[in-house]
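Notes follow once the structure below has been shown.
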2 protein chains.
Amino acid sequence: MARKQSAKNSGSGPAGVAARRVPMRDFSRSLPMSLLRAREAVMRQFRPSLRHHELTEQQWRILRALAAVETIEVTELARTAFLLGPSLSRILRDLEARQLIERRVAEADQRRAVVSISADGLKLIAAVAPSSEAIYAAITKRFGARRLAELQEMLAALEHSLSAMEVAEEGSVEADQ
Amino acid sequence: MARKQSAKNSGSGPAGVAARRVPMRDFSRSLPMSLLRAREAVMRQFRPSLRHHELTEQQWRILRALAAVETIEVTELARTAFLLGPSLSRILRDLEARQLIERRVAEADQRRAVVSISADGLKLIAAVAPSSEAIYAAITKRFGARRLAELQEMLAALEHSLSAMEVAEEGSVEADQ
DNA sequence: GGCAAATGATTAACATGTTAAATGGTTAGG
DNA sequence: CCTAACCATTTAACATGTTAATCATTTGCC
């Protein structure tokens, strides 16, 4: 932690640092950073297992979403797996090439694509699920099941709070209360 | 392979779903997803304002981290702004080209680079800070200051819990509990 | 001093996030 | 009907996430 900081108020760096005082809270304690760090701490536990099966986090999300339904349209899948259209489009192309999913156009509406998981996809899920569940159980045990449920509830409440909040548009930067 | 896709039975049809049963919890309720959705809900509020100033979320993190110190080495900055080296490297190159930061090599150790914010960078922060603070205040008011502090505490606790947890390595996928 | 190992930073390669535009298909008004 | 508006999906373009490799420098050790 002992960082050599040759800094006085007149050392190297930009001259005249008096203007540095901008009144903002310590950004490392900001909500976005807290959420980012917490999520990273969680995902760090899962990534090695997924990587061992040649799966990214997003690919795993898609497979799991598909495993829960018979078929699903792309737009609905994007909402379920919480991915944007372009990302989903690319990943589905790859998963289809790996024959982990199947895709066909909807009969009623030729614009829509209907996706489903393949037998290979189900096999892959069955292969990954045990270690994934074990990791989740370990996290739950370490943090506390009650505490974890409480956290999830707060996260859902936060999400719900903000969903009703309209986003400040550009052009009038200071017109948001 | 032969999978029926009869009509609009995209939910939980009782037909032909027997092989699909893999015992996993609903992934949309998983902790990673909860954290991801919560963070996205928060960032959705900030992105338009940042975009209005031609800043990405990560660039903004770097500028704010730089504004809090006189100078900082790249490795330390990566830890502070929670970015991986390669991402930071690219972003610093761009920010330097836009003259929002300054960079020089450390005298003691030629491998290390020392970064500081420029006068233009400070001006940009001053321009963005008001709306950013306003948005944060709106979030705090809507969710509740106490509740927010409580959430942050739980997130920090979760991070701390997992930091002590050793990551399961590859090679022995099924050797856990 | 000299050299292998370690270190800080960057580059490479590929996957995803993000916004805008393009591509086909569908629907509504005239 | 016919076309303009709309809709679902994909493609494009650029920024970042992620791991591995590279490059230059420094350090440890004899």
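The shown structure was predicted, so the numbers you read here are calculated from the model rather than taken from an experiment. So you know, we letter chains A, B, ... as the sequences are listed, proteins then strands, and number each from 1.
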Residue-phosphate contact under 4.0 Å: A:Q58 side-chain N/O, D:dG17 OP1/OP2: no
Looking only at side-chain N and O atoms, does A:R103 come under 4.0 Å of OP1 or OP2 in D:dT10? yes
B:M33 versus A:F82, closest heavy-atom pair with distance: CE-CB, 3.5 Å
Please name the pair of heavy atoms, one in A:Y136 and one in B:P32, separated by the smallest distance, quoted to 0.1 Å. CE1-CD, 4.3 Å
[atom1] of [X] versus [atom2] of [N]: gap in Å, rounded?
X      : N      : atom1 : atom2 : result
B:R61  : D:dG17 : CZ    : C1'   : 11 Å
B:M43  : D:dG17 : CE    : P     : 12 Å
A:E40  : D:dG17 : CD    : C1'   : 9 Å
A:R112 : C:dG24 : CZ    : C1'   : 14 Å
B:D94  : D:dA15 : CG    : P     : 6 Å
B:L36  : D:dG17 : CG    : C1'   : 13 Å
A:I62  : C:dA15 : CD1   : P     : 13 Å
B:L55  : D:dC14 : CG    : C1'   : 16 Å

Criterion side chain to side chain donor-acceptor pair (under 3.5 Å) against A:S34, the qualifying member of B:E159, B:E153, B:Q152: B:Q152
Could you verify whether a donor N or O on one side chain and an acceptor N or O on the other, from A:T71 and A:S116, lie under 3.5 Å apart? no
Can you tell me if B:D120 and B:S118 form a side-chain donor-acceptor pair at under 3.5 Å? no
For B:I62, run the side-chain contact (heavy atoms from CB on, under 4.5 Å) check against B:T56, B:L88, B:L55 and tell me which one passes. B:L88
Hey, can you pull the residues of residues 82-92 of chain B with a non-hydrogen atom under 4.0 angstrom from DNA chain C? B:P86, B:S89, B:R90
N/O to N/O distances under 3.5 Å, protein versus nucleotides 23-27 of chain D:
{"from": "D:dT25", "atom 1": "O2", "to": "B:R111", "atom 2": "NH1", "distance (Å)": "3.3"}
{"from": "D:dT26", "atom 1": "OP1", "to": "B:Q110", "atom 2": "N", "distance (Å)": "2.8"}

Is any NZ, NE, NH1 or NH2 atom of the basic residue among A:E150 and A:R147 found under 4.0 Å from an Asp or Glu carboxylate oxygen of the other? no
Students should find that the end-to-end axis angle of the helix from C:dG1-D:dC30 to C:dG30-D:dC1, with five pairs defining each axis and rounding to 10 degrees, is 0°
Flag the pair A:L162 / B:R44 as yes when at least one side-chain heavy-atom distance between them is below 4.5 Å, and no otherwise. no
From C:dA20, C:dT18, D:dG17, nucleotide with atom closest to B:R47 side chain: C:dT18
Where do A:E40 and A:R37 land on the salt bridge (Lys or Arg N to Asp or Glu O under 4.0 Å) test, with the steps shown first? CA-CA 5 Å; A:E40 178 53 31; A:R37 279 198 302 252; over 6 Å; no
Any link between A:L35 and B:L31 through a network of hydrophobic side chains (Ile, Leu, Val, Met, Phe, Trp, Tyr) touching at under 4.5 Å? yes
Taking atom CD as the centre, does B:E96 end up with more than 12 heavy-atom neighbours from other residues, nucleotides or ligands that are less than 6.0 angstrom away? yes
